[in-house]
Amino acid sequence: MSKKILLDKINVPGIKSYEVYRQNGGYASVEKAINDMGADNVVEEVKKSGLRGRGGAGFPAGLKWSFIDKKSGKPRHLVCNADESEPGTFKDRYLMEYIPHLLIEGMITSSFALGAHLSYIYIRGEYMWVYKILERAIAEAKAAGWLGKNILGSGYDLELYVHCGAGAYICGEETALLESLEGKRGNPRIKPPFPAVSGLWQNPTVVNNVETIASVPWIINNSGDDYAKIGIGRSTGTKLISASGHIKKPGVYEIELGVSVYEFMNSDEYCGGMIDDRPLKALVPGGSSVPIIPHNLIYKTAAGEDRLMSYESLSDGGFETGSMLGSGGFIVYNDTACIVRNTWNFARFYHHESCGQCSPCREGTGWLEKVLNRIENGYGREEDIDLLWDIQRKIEGNTICPLGDAAAWPVAAAIRHFRDEFEYHVRFPEKVKNRAHFVDEPFEKVRHLLQKQTV
Amino acid sequence: MKVTIDGQTIEVEPGTTILQAARMIGGEVVPPAMCYYSKLEGSGGKCRCCLVEVAKGSEADPRPMPKLMASCVTGCQDGMEVNSAASERVTDARKSVTEFLLINHPLDCPVCDQAGECDLQNLSFKHGKSQSRFIEEKRTFEPEDIGDKIQLHMNRCILCYRCVMVADQLTDNRVHGVMDRGDHSNISTCISKAIDNEFSGNMIDVCPVGALTDKTFRFKSRVWFNKPYNAHRDCPTCSGKTTVWMFGEEIQRVTGRKDEFHEVADFICNGCRFDHKELSDWTIEGPREFEKFSVINQNNYTQKLDTVNINTEKNILLGRDQDRIKLSMPMVGYNETVEGKELDK
């Protein structure tokens, strides 16, 4: 059994309520931070822990906190990004739904460290029931004196609000989230300035993911050094993985970073192996925006080492062969999955969710989707594969926010690793139209058609 | 601070953006800009036309920036070295943006009122391809009436947000903005209101394409058949300094005075723009200068046009003769002067 930090008490009956949470050591980190440590030491501990942002980018949280402009004299804010909308990612929902006080505790401790007196949890609109759970938890925490004026008699005041979004994926991008929170259209801002300098209402602001903030209480209760001992290399601590797809046991798992992908996939503690014991075809390890990994690179890196569930191992060799840990949306495909259909599905999502502010993303995501739609439905042309490649290349890196990259990478990786499937689609449109392929028979059985034609 | 763009070094004040520095140098190094408008606060960064390569960050940190940067929102640093037109990567990116902008923009230049003044037309002339790779149907929107003075043709819109910024920053009681998201985004009023604010006509001037056009001028003439003159009047609301566009002795259109980057010097009020179309309303200062290669310059003041004889039935050419009489503008001689300089010399 690997170490549990976030989900350690998840099975305690009634842990959702304040009383049970408190009886199980809840809010100890707030007491320790305010009474014993002081704000700067809390930041130092988080820095020592090596905790990286769990939203997807993996930027060191302590370092991000240290960027906040404390000399400006402006109010500072902590904003929790609970706008979890990436296809394949559902870990934050689990945390907030089953142990909401862990997030509230993390918010109070982190806000204290940053000197923030007004903090927000920005939650996606579709999580309405979770919103209500958080509202209740905040009310309980406030009634118990953990929020409001003069917390623990220290003179520190904090107000915490939950703000419900309206269901736009782009509002998960930190600057778009801030725009939305300010009551404006959720369009990403151009950076710099970064939120640490000019964020919510132009005040210094830190935006952190739910899981990141929920990790803070353990770090404060134990120590940054203890946290850093868990995991591997620069991937310290534990990580929630939301596993889905063709596996026996889909769900949310907490892993110690550094566990091998093989173990995670096949052990009974986690995914339990492939459903119906069919062959593994591909894997998206970090949510729909990260590049897909073909079966030959899932358990071994390009260098021949064991692939581990860590930031470094999953991105081995950079973009060319690797992928990313991302937000931990672990999507598994068996041999009946059609990669073209899957890529089209992702492209539809990004087309729908592009904010439309910058030209490459607004127009490019729509174009990608339309071309993929044609290919998947048997109306593709041979030149469309290169066209797709060209379109994604022109979107990547040229947009205001990372949504353009998120739309481009899955297409690039799918063509790079599964080009033959795209070729099959454009060369055998009738077979594609009658949907016989990939549903009843895996691609391996029809691959010979491509080879014969080539000869 | 010293900044080098395409090998040309210039000294700029702190806070200057790369685009502003490039405009100081002028010529080929100036990146195209579809959304940036120096007079509108917060504009820029959206169209991605002005992407440049920062080959050296600054003297203090000489590392190149890995991604192409939007020059209109990237500040200059001392010792910064920038590649604009000289960079293949930049040219490629501009071609890409042009292609993206054109996939849904209708190629209706022959009937578009903006033809001849369209920034997208200029952009595609320089960076566009002769053939489209986009075979799908173009995106279309239902026509919408947004008021009696301004015509919205949403299909042509490139979502530059300039008009929204005009409404935000110049008019009181803003009634329009961007609705929906992605490539379904559209400019619309909230909800079915009419745009009739005092300075709303400036939305027409800042629109880089033909999405917002002047209803009082629509289909009256092509801009290259008009002769633009700088004119002014005593206006209690704005500076009253405008350009009047004449066809013969008729003022067909009034706009703000635009500079070489197609930005107006002074925003003008709706009264000047829409309600004063009589010659007696205006004091004509003299012909307006245009870039040498501008389409508007086709009808320039410096050259006499060659006579073209067309051998066809007289009746067919009756209308043409009438137009020719108006175009020749007998009241304005070819020896006119601008700032004391004779135009035909």
Side-chain angles (χ1 to χ4, degrees), chain A residues 166-171 175-176 184-193 348-374 379-381 383-384 386-388 390-405 407, chain B residues 17 34-36 42-53 65-70 72-75 89-90 92-105 120 123 132-139 157-161 164 168 177-187:
Chain A
Y169 171 74
I170 190 62
C171 291
T175 56
K184 292 183 264 180
R185 192 181 157 84
N187 282 349
R189 294 176 185 169
I190 291 155
K191 292 190 271 190
R348 277 167 64 196
F349 174 78
Y350 290 109
H351 175 204
H352 184 259
E353 296 295 342
S354 167
C355 80
Q357 207 182 181
C358 59
S359 323
C361 179
R362 180 184 65 239
E363 307 294 348
T365 51
W367 198 2
L368 281 178
E369 197 241 307
K370 285 170 182 164
V371 176
L372 279 162
N373 181 4
R374 274 197 288 109
Y379 299 98
R381 307 166 299 167
E383 63 263 37
D384 281 339
D386 290 332
L387 177 62
L388 276 177
D390 203 41
I391 299 169
Q392 67 78 23
R393 194 178 59 80
K394 288 176 170 179
I395 300 172
E396 192 210 341
N398 288 339
T399 51
I400 294 174
C401 78
L403 193 139
D405 298 342
Chain B
T17 63
M34 302 295 287
C35 67
Y36 173 77
S43 67
K46 295 177 179 66
C47 69
R48 318 305 281 178
C49 290
C50 67
L51 292 174
V52 291
E53 187 178 53
M65 294 184 183
K67 286 184 178 180
L68 296 180
M69 303 302 289
C72 59
V73 287
T74 307
R89 204 172 147 207
V90 170
D92 193 39
R94 287 180 192 163
K95 280 182 182 166
S96 309
V97 173
T98 312
E99 188 175 24
F100 284 134
L101 289 175
L102 287 173
I103 61 173
N104 276 311
H105 187 87
L120 185 56
L123 185 76
S132 172
R133 295 187 294 172
F134 186 76
I135 60 167
E136 279 76 21
E137 224 172 88
K138 285 178 190 279
R139 174 189 62 216
C157 179
I158 58 163
L159 269 302
C160 70
Y161 287 65
V164 180
D168 251 348
V178 179
M179 312 283 158
D180 298 333
R181 66 171 178 233
D183 61 3
H184 305 289
S185 304
N186 61 98
I187 301 290

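Lettering of chains follows the sequences in order, A, B, ..., and the numbering in each one begins at 1. Computed from a predicted model, the values in this text were never measured in an experiment.
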Proximity breakdown for A/Thr365 and chain B, heavy-atom pairs closer than 4.5 Å:
neither

Check whether any side-chain heavy atom of A/Arg374 sits under 4.5 Å from a side-chain heavy atom of B/Ile135, and report yes or no.
yes

Can you tell me which of A/Asn398, A/Ile395, A/Asn187, A/Leu387 forms the most heavy-atom pairs within a distance under 4.5 Å of chain B?
A/Asn398

B/Lys95 NZ: over 12 foreign heavy atoms closer than 6.0 Å:
no

B/Ser185 and A/Cys355: which non-hydrogen atoms are nearest, and at how many Å?
OG-O, 3.7 Å

Let me know if A/Ile391 has heavy atoms under 4.5 Å from chain B in its side chain, its backbone, both or neither.
both

Counting N and O atoms only, with roles assigned by atom type, does the side chain of A/Arg362 sit under 3.5 Å from a partner on the main chain of B/Phe100, one being a donor and the other an acceptor?
no

Student check: side-chain heavy atoms of A/Glu363 and B/Phe134 closer than 4.5 Å:
no

Taking salt bridge (Lys or Arg N to Asp or Glu O under 4.0 Å) as the definition, give me every residue that meets it alongside B/Arg181, ordered by chain and number, with sequence neighbours left out.
A/Glu353

What residue, out of B/Ile158, B/Val97, B/Thr74, B/Leu68, has the most heavy-atom pairs lying under 4.5 Å from chain A?
B/Ile158

Criterion salt bridge (Lys or Arg N to Asp or Glu O under 4.0 Å) against B/Arg133, the qualifying member of A/Asp386, A/Asp390, A/Asp384
A/Asp390

Considering all heavy atoms, the nearest A/Gly366-B/Asp183 contact
CA-OD2, 4.0 Å

Closest heavy-atom pair and its distance - B/Lys67, A/Gly397
CD-O, 3.7 Å

Closest approach of B/Cys47 and A/Pro360, non-hydrogen atoms and distance?
O-CD, 4.3 Å

Parallel, tilted or perpendicular, judged at 30° and 60°: which one describes the rings of B/His184 and A/His351?
parallel

Nearest heavy-atom contact between B/Lys46 and A/Ile400 is CA-CD1, 4.0 Å

Could you grab the distance from atom CD of A/Glu396 to atom OG of B/Ser96, nearest 0.5 Å is fine?
12.0 Å

Taking B/Arg48 for the side chain and A/Ser359 for the main chain, is one N or O donor matched with an acceptor at less than 3.5 Å?
no

Shortest non-hydrogen pair, A/Ile190 vs B/Gly44, comes out as CD1-O, 3.3 Å

So for B/Leu159, is it side chain, backbone, both, or neither that comes closer than 4.5 Å to the heavy atoms of chain A?
both

